[in-house]
Number of protein chains: 2
Amino acid sequence: MKDMIQHLREHGILPTAQRLAIAEFIFSTDGHPSADEVWEKVKSTFPTLSRATVYNTLNLFVDKGLIKRQLLREGTVVFDAVSTAHHHFIDEESGRIYDIPWDNIEVKVKGEMTGFDVRDYQVVMRGRRKQD
Amino acid sequence: MKDMIQHLREHGILPTAQRLAIAEFIFSTDGHPSADEVWEKVKSTFPTLSRATVYNTLNLFVDKGLIKRQLLREGTVVFDAVSTAHHHFIDEESGRIYDIPWDNIEVKVKGEMTGFDVRDYQVVMRGRRKQD
DNA sequence: GTTCGTGCAAACGGTTTGCAACAAT
DNA sequence: ATTGTTGCAAACCGTTTGCACGAAC
């Protein structure tokens, strides 16, 4: 809790009650929730929380570098609180998104990539989760 | 033209004038247009074409396996007519999406991936296009 | 008291859908 | 005749925005 206040302050974010509640949730889940899903969840412990505040707050967190937007679901952006680089696996049946540790996959450039200044990359996999 | 009619028929699609016009466009561009962009372009040669028909047709093409939906742009789905597997590079400045040949990048699994039945994957890169 | 954050409702933009007119078999 | 396709408009849904109220420095 105290750490979270500190964490927000370090990123230049004024730690209001709403922002704390949202931050607590998004950093405690290992899922990849949409803004509306965050709203639904946090509302249960913070009933007055408005949808607009959730959207604004999540965008603020992204701008300040606390979390990342990911294009992994159709129709909605999802947010990813894991700060270290990783890959993603999407279960085509459930739509669930799994983090794949960075070191599980080796990506090597073999062909010509001149003219492309790659700042960031990730492997996006799709398929079926067999167990779990 | 004749080939396109044939192509559609082979995929179980009745080749109407609208569908032909949309197919001609999407298979001739190397870009990754959104449905609205397809509409704008094809409308110039087919003014009566409605937006709904474009959306319906593109979805039909996806269902029948002619083209692919890609989650590479925020706010809209883009369509990809290239049937062979490839990776993508997104210019963060312009938003332009570039195809990267499959053999340019080697992806090797190093870690544990049990439980994940990977049916499909691609590398998504972001950065700046330096020349063109 | 000025700046910043919140909540509400309205607006917005991409996409889907219901429906009537129409074309194809 | 039946089935499938088109165009229009309305509906839908995720997201942003304008604005008034309220809290914090």
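Below, each value reflects all heavy atoms present in this structure, side chains not excepted, and no hydrogens, waters or symmetry copies. All of these numbers come straight from a predicted model, not from anything done at the bench. A, B, ... follow the sequence lines: proteins, then strands. Residue 1 opens every chain.
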Exercise. Apply side chain to side chain donor-acceptor pair (under 3.5 Å) to Asp120(A) and list each qualifying residue two or more places apart in sequence or on a separate chain.
Key: none
Exercise. State which residues pass side chain to side chain donor-acceptor pair (under 3.5 Å) with Ser50(A); sequence neighbours excluded, sorted by chain then number.
Key: Thr53(A)
Connected hydrophobic set around [X], excluding itself, where side chains approach under 4.5 Å:
| X | answer |
| --- | --- |
| Val82(A) | none |
| Leu72(A) | Val78(A), Ile90(A), Ile97(A), Val124(A), Leu72(B), Val78(B), Ile90(B), Ile97(B), Val124(B) |
| Leu14(A) | none |

Exercise. Could you list the residues that satisfy ring pair (Phe, Tyr, Trp, His ring centres under 6.0 Å) with Phe61(B), not counting sequence neighbours?
Key: none
Exercise. Apply ring pair (Phe, Tyr, Trp, His ring centres under 6.0 Å) to Phe25(A) and list each qualifying residue two or more places apart in sequence or on a separate chain.
Key: none
Self-check item: Contacting residues from residues 52-60 of chain A, given that a heavy atom lies under 4.0 angstrom of DNA chain C
Solution: Ala52(A), Thr53(A)
To the nearest Å, how far apart are [X] [atom1] and [N] [atom2]?
| X | N | atom1 | atom2 | answer |
| --- | --- | --- | --- | --- |
| Leu71(A) | dG14(D) | CG | P | 16 Å |
| Trp39(B) | dT6(D) | CH2 | C1' | 14 Å |
| Glu74(B) | dT15(D) | CD | P | 9 Å |
| Glu37(A) | dT15(D) | CD | C1' | 15 Å |

Quiz prompt | Where chain B begins and ends its contact with DNA chain C, read 5' to 3' at 4.0 Å from heavy atoms | solution = dG14(C) to dT17(C)
Exercise. Using the test salt bridge (charged side-chain N to carboxylate O under 4.0 Å, His left out), find all partners of Glu10(A) that sit at least two apart in sequence or belong to another chain.
Key: none
Quiz item: What pairs with Arg9(A) under salt bridge (charged side-chain N to carboxylate O under 4.0 Å, His left out), at least two apart in sequence or on another chain?
Solution: none
Quiz item: Is the centre of the Tyr121(B) ring less than 6.0 Å from the centre of the His87(A) ring?
Solution: no
Exercise. Between Thr16(B) and Ser34(A), just flag the one whose closest nucleotide in DNA chain D comes earlier from the 5' side.
Key: Thr16(B)
Quiz item: Mapping Thr76(B) and Leu14(B) onto DNA chain C by nearest heavy atom, which one lands closer to the 5' end?
Solution: Thr76(B)
Quiz prompt | Carboxylate-amine/guanidinium contact Arg51(B) Asp36(B), below 4.0 Å | solution = yes
Self-check item: Strand-adjacent residues in residues 40-51 of chain B, judged by heavy atoms under 4.0 Å from DNA chain D
Solution: Thr48(B), Leu49(B), Ser50(B)
